[in-house]
Amino acid sequence: MSTESDVRSFCLGLPGVTERLSWQQPAWFARTLMARIWEAGVLTVKTPEREALAGTDPDTFFWTPHHNRSPQLVLVRLDRVDPAELKELLLESYRLAGPLPPTV
């Protein structure tokens, strides 16, 4: 079981990540959006594995018709996802969102 607090803590621990509101919900950005609370207890993340995740565990991973045009976005029920798996998902989403290059 994971929480919004777990998401916030992990995301803000990554280099270059900032938090701001997106559609009146907490969201975390690297160069682009990497994660956002969709609704209470549900998180949006980027992953190329959306179909596989939803196919193997549709009670945890799903999407709405709104997400059909964004095939890398999946919704995650936080109360059903293990904290270790959540961290893996957030790290993958961070990589896809394009973390800022290191400054010289």
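This structure is a prediction, so every number in the text was calculated from the model and none was measured.
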Taking the side chain as everything from C-beta on, heavy atoms only, tell me whether [X] gets closer than 4.5 Å to [Y].
X     : Y     : value
Leu89 : Leu53 : yes
Glu19 : Leu12 : yes
Val7  : Ser2  : no
Arg77 : Phe62 : yes
His66 : Trp38 : yes
Leu86 : Leu78 : yes
Arg95 : Leu91 : yes

Can you name the nearest heavy-atom pair linking [X] to [Y], along with the distance?
X     : Y     : answer
Pro15 : Tyr94 : O-OH, 2.7 Å
Pro58 : Thr56 : CD-C, 3.7 Å
Ala27 : Leu33 : CB-CD1, 3.8 Å

Verdict with reasoning, Gln72 to Thr47, per side chain to side chain contact (heavy atoms under 4.5 Å, CB included): CA-CA 5 Å; Gln72 285 193 323; Thr47 177; over 6 Å; no
Spatial distance of atom OG (Ser9) from atom NZ (Lys87) [nearest 0.5 Å]: 7.5 Å
Separation of Thr44 OG1 from Leu75 CG (nearest 0.5 Å): 4.5 Å
Polar contact flag, side-chain donor to acceptor under 3.5 angstrom, Thr3-Asp6: yes
Any donor-acceptor N or O pair under 3.5 Å, side chains Thr64, His67: yes
Side chain to side chain contact (heavy atoms under 4.5 Å, CB included) between Val45 and Val76, intermediate numbers included: CA-CA 8 Å; Val45 294; Val76 182; 4.0 Å; yes
Quiz item: cation-pi between Arg50 and Trp63, 6.0 Å / 45°: yes
Arg20 charged N/C atom sitting above Phe29 aromatic ring, 6.0 Å / 45°: yes
Hydrophobic cluster identity match, Trp28 and Leu14, side-chain contacts under 4.5 Å: yes
Side chain to side chain contact (heavy atoms under 4.5 Å, CB included) between Met34 and Val17, worked out: CA-CA 9 Å; Met34 67 170 277; Val17 173; 3.9 Å; yes
Flag if over 12 foreign heavy atoms under 6.0 Å of CD, Glu39: yes
Pairing of Glu92 and Lys46 as salt bridge, 4.0 angstrom limit: no
Arg36 and Leu43: CA distance, side-chain angles, deciding distance, side chain to side chain contact (heavy atoms under 4.5 Å, CB included) verdict: CA-CA 6 Å; Arg36 180 171 78 82; Leu43 179 72; 5.7 Å; no
